[in-house]
Amino acid sequence: MAAATKSATKIRLQPLGERIVVQREESETTTAGGIVLPDSAKEKPARGTVVALGTGKLLDDGSRADFQLAAGDRVLFSSYAGETVEVDDTEYLLMREDDVLAVIE
């Protein structure tokens, strides 16, 4: 009897329109005083790296607006921005470009 094997497929997440995909930075595991934080006490950081960009916002004349962001930019966003999506055991945020507050340089 042959055993069923699961083939490893690489899933790409391509946002549409004015949406972007952001990978959230890891939260701190210890405080400045050296206290180790349990998972329940950790806050999700509002910082991350842009992984992918959509095609741009559709303008009234039918053309697409250029993004102000680029893949690889470190960004700051509001804590309630975006929709959480998990792909290949990695958590991403799918959000609008307007949800980004600043670029970290």
Side-chain angles (χ1 to χ4, degrees):
M1 181 179 275
T5 58
K6 183 179 178 182
S7 62
T9 59
K10 185 71 175 170
I11 298 173
R12 274 192 49 195
L13 188 61
Q14 179 62 45
L16 301 175
E18 61 182 289
R19 303 217 188 281
I20 61 172
V21 177
V22 175
Q23 185 172 11
R24 192 186 301 257
E25 291 182 1
E26 294 294 322
S27 59
E28 297 293 323
T29 56
T30 58
T31 64
I35 299 172
V36 177
L37 296 172
D39 288 338
S40 61
K42 293 180 189 174
E43 290 185 22
K44 291 188 177 185
R47 296 181 309 273
T49 305
V50 177
V51 177
L53 302 168
T55 54
K57 185 175 185 175
L58 185 61
L59 302 175
D60 292 334
D61 64 359
S63 63
R64 297 265 179 196
D66 292 332
F67 278 99
Q68 294 177 337
L69 302 171
D73 284 350
R74 289 185 62 223
V75 294
L76 181 68
F77 48 88
S78 63
S79 56
Y80 298 106
E83 212 39 58
T84 304
V85 178
E86 190 169 315
V87 177
D88 293 336
D89 297 329
T90 305
E91 188 176 287
Y92 297 101
L93 286 171
L94 184 62
M95 66 178 73
R96 295 183 185 276
E97 184 182 27
D98 295 341
D99 292 335
V100 175
L101 303 174
V103 176
I104 303 170
E105 294 186 9

How long is the gap from [atom1] on [X] to [atom2] on [Y], to the nearest 0.5 Å?
X	Y	atom1	atom2	value
T49	Y92	OG1	OH	11.0 Å
L101	R47	CG	CZ	13.0 Å
E18	L53	CD	CG	12.0 Å

Less than 4.5 Å apart, any side-chain heavy atom of L93 and any of T84?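 Yes, at least one pair of side-chain atoms sits under 4.5 Å.
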Would you name the heavy atoms of [X] and [Y] that are closest together and state the gap between them?
X	Y	value
A81	D99	CB-CB, 3.7 Å
L94	P15	CD1-CB, 3.9 Å
V51	A71	O-CB, 3.9 Å
E97	Q68	OE2-N, 2.7 Å
Q23	E91	CG-O, 4.1 Å
F77	V100	CB-CA, 4.3 Å

Whether over 12 other heavy atoms sit under 6.0 Å from [X] [atom1]:
X	atom1	result
Q14	CD	yes
L16	CG	no
D60	CG	no
E86	CD	yes

Give a yes or no answer on whether the side chain of E25 reaches the backbone of A46 with a donor-acceptor pair at less than 3.5 Å.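 No; zero donor-acceptor contacts below 3.5 Å.
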Using modelled atom types only, decide if a donor and an acceptor are shared between the side chain of R64 and the backbone of T55 within a distance under 3.5 Å.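 Checking the backbone N and O of T55 against the side chain of R64, no donor-acceptor pair under 3.5 Å is found.
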Linked, directly or transitively: V85 and V21 (ILVMFWY side chains, under 4.5 Å):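 Yes: a chain of side-chain contacts under 4.5 Å links V85 to V21.
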Shared hydrophobic cluster for F67 and V103 (ILVMFWY, side-chain gaps under 4.5 Å):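 Cluster IDs for F67 and V103 match.
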Any donor-acceptor pair under 3.5 Å linking the side-chain atoms of D88 with those of T90?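 Short answer, no.
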